[in-house]
A.B. asks: 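First the structure, then my questions, so here it is.
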Amino acid sequence: MTIRINNNDVAPPDDARVSLLDLLREHLHLTGTKVGCNQGACGACTVLLDGDRVLSCLTLAVQADGHQVTTIEGLGSPEEPHPLQAAFIEHDGFQCGYCTPGQICAAVAMLREAASGMPSYVTVDLATEKTFLSLEEIRERMSGNLCRCGAHNGIVKAIQQVAKEQAA
Amino acid sequence: MSNVQNAVIGTVRTVLGWVPSQWLPGGTPDPLIERRAAIGQQASRLDGPAKVSGQARFAADVAMAGLSYATLVHSPITRGRITKLESGAAEAAPGVILVMTYHNMPRLGIVPMIGGTNLSAAGNSALPTMQGPDIWYNGQVVAMVLAETQEQADYAASLIEIDYREDSAKTSFENAKPDSRAPASVLFEKNHVSIGNAEQELNRAAFKVDNIYRTPGHNHNAIELHAVTVAWDGDTVLLHDATQAISATASAIAKLFNLKNEQVRVLSPLVGGGFGGKAFWDHQIIAVAAAKLAARPVRLILSRDSVYRMIGGRSPSEQRVAVGADAEGKFTSIIHTGYSIMPPYAACPEPYTLGTRAIYKSKSFEIIQRYLDLDIVPNTFMRAPGEAIGTFALENAVDELAHEMGLDPIELRLRNEPEKHPISGATFSQHATRQAYLDGAERFGWEQREARPGARRDGEWRIGMGCASGGFPYVRMPGVNIRIELRRDGSAKISCSAQEMGMGTATVQTQHAADRLGLPVEAISFELGDSALPVAPMAGGSSQTASLSGAVIAGAERLTIELLRLAGNDSPIAGLRAGEVQLAKEGIASLDDPSRYESFRSIMARASRDEVTVTASGSPPLEMFKFAMHSSSAIFCQLRVSDVTGEIRVDRMLGSFDCGTILNPKTAASQFKGGMIMGLGLALTEETLFDERSGRIMNASLADYHVPSHLDVPEIDVIWTGIPDPRSPLGARGIGEIGITGVAAAVANAVFNATGTRVRDLPITLDKVLSEIP
Amino acid sequence: MIPFTYTRASSADEAASMAIRTGHKLLGGGTNLVDLMRKNVELPSCLVDVTALSDSIKETQEGGVMIGAAARNSAVAAHPLVRTRYPMLSRAILAGASAQIRNMATVAGNLMQRTRCIYFNDVAGSRCNKRSPGSGCDAVGGFNRYHAIIGAAPACIATHPSDMCVALAALDARIHVYNKNATRIIPIVDFHGFPADRPDLETVLEAGDVITSIEIPVSPFAARSAYRKVRDRASYAFALVSVAAGVTMRERTIDDIRVAFGGIAPKPWRAFRVEMALRGGPATQEAFDDAVEAELARAVPLAGNAFKIGLTKRTLSAVLTELTGDAR
């Protein structure tokens with residue numbers, strides 16, 4: 001079995017202690033995924049596992065064996081950015097840029113979750129199948145990604161713009 | 001700081017007082033204030049595409065062959081001595097390369113401290129790093145393990161056995177008060193200010209408030225962990241560091257390891273947030289020493305726990321603020337005194353009273369700060385050190401006084417607006433706090449506020465509005481050096497060892513240089529983040545943009561002189577002197593007769609030059625001594641408080657700033673908002689839990705120290721007067737720190753307006769509000 | 001982390017045979033266990049990945065819901081059956097942690113999660129009877145804002161951190177546990193223990209036990225149910241107090257009611273006394289207040305958490321007022 005990372009097959013590490021985060025950063029030099037706390041408290045290490053957002057710091061690399069991983073590098077490039085990457089620049093959704101890859105990966109998955117009807121803690125009617133991404137909904141759904149520079153307004157605006165584009 | 005220093009500064013000020021203003025740099029306003037093109041434009045960050053695609057390389061991202069990984073071990077006791085240190089098991093563990101303790105750590109001296117007269121210093125601790133068995137504070141580094149992988153290093157670190165002899169430690173804020181000290185200076189200001197008899201004035205004031213305000217310790221919590229990747233090559237060493245003090249870090253390492261400056265190179269092109277926390281600490285020293293001892297490249301990424309234990313934060317404070325006013329609401333007395341922690345080995349005197357000296361006029365003042373010596377990790381500068389928490393106390397008190405008097409709090413503030421600096425009497429270079437308030441109040445809809453607390457409701461929520469003033473001094477650092485290389489193809493490269501932590505340094509200076517050199521923005525590249533480039537001071541005190549701008553001005557002057565020399569006598573601009581021309585339209589033009597013009601390309605072609613390179617240093621920042629140069633702000637907040645739970649939800653905020661010219665509205669707005677959001681955390685959730693029983697920080701994690709999450713952050717509106725400061729480069733003053741000032745008070749004042757509960761003890765958690773709601 | 005091996009179990013039987021071995025620990029999403037291993041609180045020599053066990057979410061013949069142990073928290077919260085019949089459970093799960101963590105965490109793992117007490121987590125510097133029985137408790141005289149006001153013991157005042165389990169407690173969930181060819185069912189209220197003298201023993205599970213599923217019985221009261229969480233940060237924070245409640249009314253009388261509290265006790269706290277006091281009575285403010293008084297009469301507040309008594313009362317009262325609103 002292998003871990004498929006950004007469409008490349010990678011052998012899982014021999015040492016079971018290696019986190020998916022460390023595998024990406026130190027073994028594969030995919031350093032776009034960032035380490036902010038290594039304990040599931042900041043969201044900087046967010047990647048997509050089979051399309052779902054997860055924390056790579058709390059995922060052992062061996063757990064990802066047989067699964068697909070997409071990192072920020074797999075979403076787009078400076079030349080061909082993902083719509084969310086472009087929107088983050090447009091709305092200044094970052095300053096230092098460190099939490100940014102995690103924010104963007106989380107946002108990509110979040111838009112998919114919302115489209116599938118996934119509710120959130122602030123969704124008034126849990127039975128409803130349709131999610132309207134109000135600012136409050138976006139904020140609650142993105143709260144697992146901390147930003148210390150305070151780019152929250154820009155991040156939320158960027159996501160809202162892409163959500164509108166996708167709905168159109 | 002010493003009496004001598006006060007005397008020196010005092011003398012300089014006295015002398016400068018006699019100097020006509022036009023003699024000073026900035027005496028004639030920067031001409032670019034009038035004719036800017038790129039400056040003031042909404043420009044996206046130049047590093048944006050790399051940052052959003054994961055291509056931006058931070059210190060811990062650098063790949064290197066043969067890299068080894070370090071983990072640190074911290075003392076769990078506060079004062080005492082190591083009595084036994086057994087590292088055999090760790091050394092024998094798989095993959096371990098080196099265990100370093102005080103036994104084998106190279107013998108090193110101590111680095112120069114930040115904040116003194118030495119502007120090239122960045123040290124945060126006067127304690128030695130792993131030089132002996134003595135323990136000075138809980139969390140002090142006692143050992144380092146280096147291994148082939150991070151996992152191996154982390155595990156081996158758990159195998160080191162250390163016994164300690166514990167001595168009694170000073171850990172109680174209250175108990176330390178009798179031994180507090182009041183130094184002569186706080187940073188560059190005199191500590192004790194006594195004008196008139198403030199206690200007497202307070203006693204006989206028509207209206208007065210007199211309260212104690214408390215603020216807890218805080219940690220910077222940049223999301224990027226402190227990290228350094230180090231490699232020796234023979235007798236030179238390269239550090240990929242996350243630092244807001246590039247040149248100072250290089251010189252500190254050189255000094256400690258007995259190297260010449262050229263033997264040390266620090267690269268730090270991007271820093272994942274600093275906020276004062278990323279200067280020089282033990283980890284850089286340890287990584288460099290370990291790489292030398294092991295003869296291997298070393299990566300040391302501090303764990304989040306390590307960051308809390310070995311990188312100090314903002315000191316807690318207990319402040320007394322008393323304000324007395326006469327019947328018309330004119331202040332007759334302002335008293336601001338208090339205690340904060342600063343062990344003798346720390347660099348930062350948390351100057352919470354400095355803002356109070358510049359913000360209101362008063363008949364009398366009594367200001368003094370006292371410091372407690374506790375055995376703690378050295379506290380340091382954190383965003384708006386002093387003002388962030390000082391404005392909480394003062395602006396809460398002013399709101400209380402306004403309520404007492406039945407006056408609108410804005411009206412009370414405007415009645416006490418100073419025409420000149422209240423303490424020094426110096427003229428303000430530019431000061432439009434009144435406009436900031438009036439503009440802000442109008443845009444925010446302040447007239448909707450009900451003066452009576454608890455008057456507005458929406459279901460279970462009580463709604464309140466509050467405002468407060470913020471402020472921060474202008475600082476331009478001396479000693480900024482830059483190099484400008486102008487090429488015949490019409491491009492220019494500017495180089496400086498400046499720092500980028502998210503402020504948009506290169507973006508804004510590229511805009512600046514385009515206007516200054518008369519080139520299109522696309523023709524400019526700005527190179528920073530490398531100690532091999534011309535020396536710049538650390539990024540701190542919201543000074544970097546003004547300081548760099550001053551250096552670019554000096555560089556452009558040099559370049560002009562050089563180009564005029566090259567132009568020679570066969571040029572339309574022959575005979576003109578530097579003061580008679582400007583750089584414009586990719587060439588030099590006469591100020592009086594713009595038809596007298598020659599392009600750079602033409603000058604350089606005739607002189608057979610492919611490039612012209614100049615180096616220059618910014619002028620001494622004498623304007624700071626001649627004028628009172630302060631930015632100010634009016635912060636507005638509307639929030640809800642749950643009647644049921646006491647939970648506070650901020651619904652909207654507005655910051656109205658008077659900070660001179662805004663160079664890039666897009667990045668500036670982000671910086672203001674960022675400061676305000678950190679202010680929200682300060683107001684509502686942030687607190688470093690220091691267990692006085694053990695001297696240990698108990699919430700050393702982002703799970704237990706609550707920085708604001710997305711859901712805590714409302715839409716924030718930011719406006720500015722935009723009035724240029726005629727005494728500063730580009731008319732700009734710093735904007736990095738003022739955003740946080742005043743926010744905690746605006747929130748506290750809004751909570752009072754919503755509920756009638758006055759919380760004088762940060763953070764304003766729900767239990768403090770709930771206790772007063774029936 | 002100490003070195004360990006990793007293996008995957010493909011069935012409950014396989015998992016049970018491995019779980020009984022010394023040093024072996026079952027691994028779900030790892031959101032709590034991996035963190036505790038990194039802090040050296042947990043020191044397993046082998047992790048047995050049980051995420052291949054059933055993750056199905058199905059209606060039972062009786063009309064309840066059966067949730068496979070390996071179902072992810074997010075899948076449970078999003079499931080139509082859960083959202084429509086047990087909204088308090090959906091809301092409780094969505095109140096916990098972050099979307100990323102909910103995508104990783106399994107329901108069995110959530111049941112097994114350990115306290116977030118800051119002294120429990122501090123291996124290097126603090127005493128903790130839960131980590132090291134008999135060593136002492138630094139939380140009692142320390143920072144105990146997040147600690148228990150009820151059901152605790154002098155030896156340990158830690159709270160159970162789960163949101164999901166609070167709703168499960170109110171819903172009388174039944175934990176299906178497999179061991180040695182036999183399955184037994186443990187009611188959720190009996191699943192977590194009281195600290196007393198052995199705060200290290202947090203559940204009634206024995207060596208070799210494997211949680212296979214969680215059954216939620218038919219619960220008419222759950223259709224009108226709510227979960228409200230009160231915390232210091234608006235999101236991504238543990239509860240100071242949380243309330244799960246469901247009510248059915250018969251005209252103006254409370255016909256049936258379930259209430260559980262989170263954030264105030266060493267286990268998800270089923271408020272039987274509140275239920276007893278209110279069942280068959282009027283849905284009035286006074287009745288709510290009296291009921292919660294009865295429940296919290298035994299509360300033992302500490303310096304940092306005494307406010308939770310009032311907060312619990314207010315929050316419960318608000319939740320019940322809302323749930324019984326149109327019937328009052």
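Owing to the predicted nature of the structure, the values given are computational and were not obtained by experimental measurement.
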A.B. asks: Is there side-chain contact between Ser74(C) and Met118(A), with at least one heavy-atom pair below 4.5 Å?
C.D. replies: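 They are in side-chain contact.
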A.B. asks: Less than 4.5 Å apart, side chain to side chain, heavy atoms only: is that true for Arg8(C) and Glu14(C)?
C.D. replies: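 Not touching, per the 4.5 Å side-chain cut-off.
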A.B. asks: Of all of Glu140(A), Glu113(A), Met110(A), Arg53(A), which one pairs up most often with chain C through heavy atoms under 4.5 Å apart?
C.D. replies: Arg53(A)
A.B. asks: To the closest 0.5 Å, what do you measure between CG (Leu111(C)) and CG (Leu168(C))?
C.D. replies: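 If we round to the nearest 0.5 Å, Leu111(C):CG and Leu168(C):CG are 6.5 Å apart.
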A.B. asks: What part of Thr59(A) gets closer than 4.5 Å to chain C, counting heavy atoms only: side chain, backbone, both or neither?
C.D. replies: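 Thr59(A) touches chain C through backbone and side-chain heavy atoms alike.
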A.B. asks: What part of Thr51(C) gets closer than 4.5 Å to chain A, counting heavy atoms only: side chain, backbone, both or neither?
C.D. replies: neither
A.B. asks: Considering only heavy atoms, which portion of Cys45(A) lies under 4.5 Å from any heavy atom of chain C: side chain, backbone, both, or neither?
C.D. replies: neither
A.B. asks: Between Phe261(C) and Arg228(C), is there a cation-pi geometry (under 6.0 Å to ring centre, at most 45° from the normal)?
C.D. replies: no
A.B. asks: Among Leu49(A), Asp125(A), Asp65(A), who wins on heavy-atom pairs under 4.5 Å with chain C?
C.D. replies: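 Most heavy-atom pairs within the cutoff with chain C belong to Asp65(A).
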A.B. asks: Working to the nearest 0.5 angstrom, can you tell me the gap between Arg233(C) CZ and Leu240(C) CG?
C.D. replies: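 If we round to the nearest 0.5 Å, Arg233(C):CZ and Leu240(C):CG are 12.5 Å apart.
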A.B. asks: If you count heavy-atom pairs under 4.5 Å with chain C, which of Leu55(A), Asn145(A), Val122(A) comes out on top?
C.D. replies: Leu55(A)
A.B. asks: Report which part of Arg72(C) has an atom under 4.5 Å of a heavy atom belonging to chain A: side chain, backbone, both, or neither.
C.D. replies: neither
A.B. asks: With distance as the sole test, does Arg102(C) use its side chain to make a donor-acceptor pair with the main-chain N or O of Leu94(C) at under 3.5 Å?
C.D. replies: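 Indeed, once roles are kept as given, a pair shorter than 3.5 Å links the two residues.
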A.B. asks: Name the option with the most non-hydrogen atom pairs under 4.5 Å to chain A; the candidates are Ala99(C), Gly30(C), Ala97(C).
C.D. replies: Ala99(C)
A.B. asks: Between Ala109(A), Gly43(A), Ser116(A), Cys57(A), which residue shows the highest count of heavy-atom pairs closer than 4.5 Å to chain C?
C.D. replies: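 Highest number of heavy-atom pairs under 4.5 Å: Cys57(A).
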A.B. asks: Examine whether an atom of Lys39(C) lies under 4.5 Å from a heavy atom of chain A, and if so say whether it belongs to the side chain, the backbone or both; otherwise answer neither.
C.D. replies: side chain
A.B. asks: Counting heavy-atom pairs under 4.5 Å with chain C, which one of Gly117(A), Ala106(A), Ala127(A), Ala16(A) comes out on top?
C.D. replies: Ala16(A)
A.B. asks: How about Thr71(A) and Glu73(A): does a side-chain donor come under 3.5 Å of a side-chain acceptor?
C.D. replies: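 Checked: Thr71(A)/Glu73(A) side chains pair up, N/O donor to acceptor below 3.5 Å.
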A.B. asks: Relative to chain C, which of Leu146(A), Asp52(A), Val62(A) shows the most heavy atom pairs under 4.5 Å?
C.D. replies: Val62(A)
A.B. asks: With a 4.5 angstrom heavy-atom cut-off, could you sort out which part of Arg91(C) is near chain A: side chain, backbone, both or neither?
C.D. replies: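 Interface part for Arg91(C): both.
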A.B. asks: Kindly indicate whether the side chain of His160(C), heavy atoms from C-beta on, has any atom under 4.5 Å from the side chain of Thr115(C).
C.D. replies: no
A.B. asks: Given that the side chain runs from C-beta out, which part of Ile93(C) has a heavy atom under 4.5 Å from chain A: side chain, backbone, both or neither?
C.D. replies: neither
A.B. asks: Let me know if Asn38(A) has heavy atoms under 4.5 Å from chain C in its side chain, its backbone, both or neither.
C.D. replies: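 It is both, since atoms from each part get that close.
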A.B. asks: Non-hydrogen atoms of chain A under 4.5 Å away: do they reach the side chain of Ile2(C), the backbone, both or neither?
C.D. replies: backbone
A.B. asks: When you measure from the side chain of Thr123(A) to the backbone of Leu126(A), do you find a donor-acceptor pair of N or O atoms at a distance under 3.5 Å?
C.D. replies: no
A.B. asks: Side chain from CB out, backbone as N, CA, C, O: work out which of these in Gln63(A) comes under 4.5 Å of a heavy atom of chain C, or both, or neither.
C.D. replies: both
A.B. asks: Rounded to the nearest 0.5 Å, what separates atom CD in Gln160(A) from atom CG in Leu111(A)?
C.D. replies: 11.0 Å
A.B. asks: Using non-hydrogen atoms and a 4.5 Å limit, figure out which bit of Ala77(C) sits close to chain A: side chain, backbone, both or neither.
C.D. replies: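 When you check distances to chain A, only backbone atoms of Ala77(C) fall under 4.5 Å.
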A.B. asks: Do Leu171(C) and Met88(C) have side-chain heavy atoms sitting under 4.5 Å apart?
C.D. replies: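 Touching, per the 4.5 Å side-chain cut-off.
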A.B. asks: Heavy-atom pairs under 4.5 Å with chain A: which of Ser98(C), Pro3(C), Ala78(C) has the most?
C.D. replies: Pro3(C)
A.B. asks: When you measure from the side chain of Arg224(C) to the backbone of Leu323(C), do you find a donor-acceptor pair of N or O atoms at a distance under 3.5 Å?
C.D. replies: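 Yes, the answer is positive, given that a donor and an acceptor are paired below the 3.5 Å cut-off.
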